[in-house]
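Written out below as C-alpha cells is the structure these notes cover.
Order of listing sets the numbers, starting from 1, for every ligand and every atom in it. The shown structure was predicted, so the numbers you read here are calculated from the model rather than taken from an experiment.
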Amino acid sequence: MADATVEHSEPVTAKVEGDGENGVRRRDFIEIAAVSFGGVGALAVLYPLISQMAPSADVLAESSTEVDLSAIEPGQSIKAVFRKQPLFVRNLLPAEIAAAEAVDASSLRDPETLEDRTAEGHLNWLITMGVCTHLGCVPLGAGEGENKGEFGGYFCPCHGSHYDTAGRIRKGPAPLNLVVPEYEFTSDTTVVIG
Ligand code: FES
C-alpha cells in the first residue's frame, strides 16, 4: 500500500514541476505580450499628441521676424518684437566694436567674444533679446538718450545690471549675457530672426 503511494507520487511530482516551468514561460510570454501591446497602445496615443504639438510651417513663418536694417545708422539701436518679446538691433560704432574686442573674454562671467555673438562678416550688427537675464526686465540703452550703463551697452534699472557693447553682462546680478536669438542675413540690409 505504502509502495503504491510512492510509485504514484514520483510521476505526479515530476508532472507538477514540468507544468510549473511551462507555466512560468507562458506567463512570461503573456506579460511580455501585454507590455508590448501596452507600448504600441501608448505610442498610438502619443503620436497624435506629438504631431499636434509640432508647429506647422505657417506657424513657424509667423514666429520669425524680418528686420530692415537700412535705416539704422552706426551708433543707433532699434527695439523690435520677436515672439512677443523685445528684441534689440544695434549698429555698433567702430569704437564700440573696439571696446568689446579689447576685453579678455575668458575673464567675463559669461565668456563670449563679440565674434561669438554676431554673424560672420557682420560684426557691427549686435542682435539680442531685450530681456535682462536676471529677472526679465527690459534693459535701457536701445532707445534714444537712454542710460547705456557703465560699459556703454545696456543697463537694467530693476536691480542694476550693466551690459557692454557686445551685450555681455559686466556688472550687477544678471548671470548671463543678453540672449542672441537665431537669425540669418537674407541681404546686406535685411535680417530674419527665428
Ligand atoms: Fe535686470 Fe534684475 S531684472 S537686474
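Under the 4.0 Å criterion applied to side-chain N and carboxylate O atoms, K171 and E150 are assigned as salt-bridge partners. Between E146 and K79, at least one side-chain N (NZ, or NE/NH1/NH2) sits under 4.0 Å from a carboxylate O, which counts as a salt bridge.
Looking only at side-chain heavy atoms (C-beta outward), E66 and V191 stay at 4.5 Å or farther from each other.
For S161 (side chain) and A174 (main-chain N/O), a donor-acceptor pair under 3.5 Å exists by modelled atom type.
A disulfide bridge does not connect C137 to C156: their SG atoms sit 2.5 Å or farther from one another.
Relative ring orientation between H159 and H134 is described as perpendicular, the plane-to-plane angle rising above 60° on a 0-90° scale split at 30° and 60°.
Legend: protein N/O/S atoms lying under 2.8 Å from atom 2 (Fe) of ligand 1, waters omitted, number 2.
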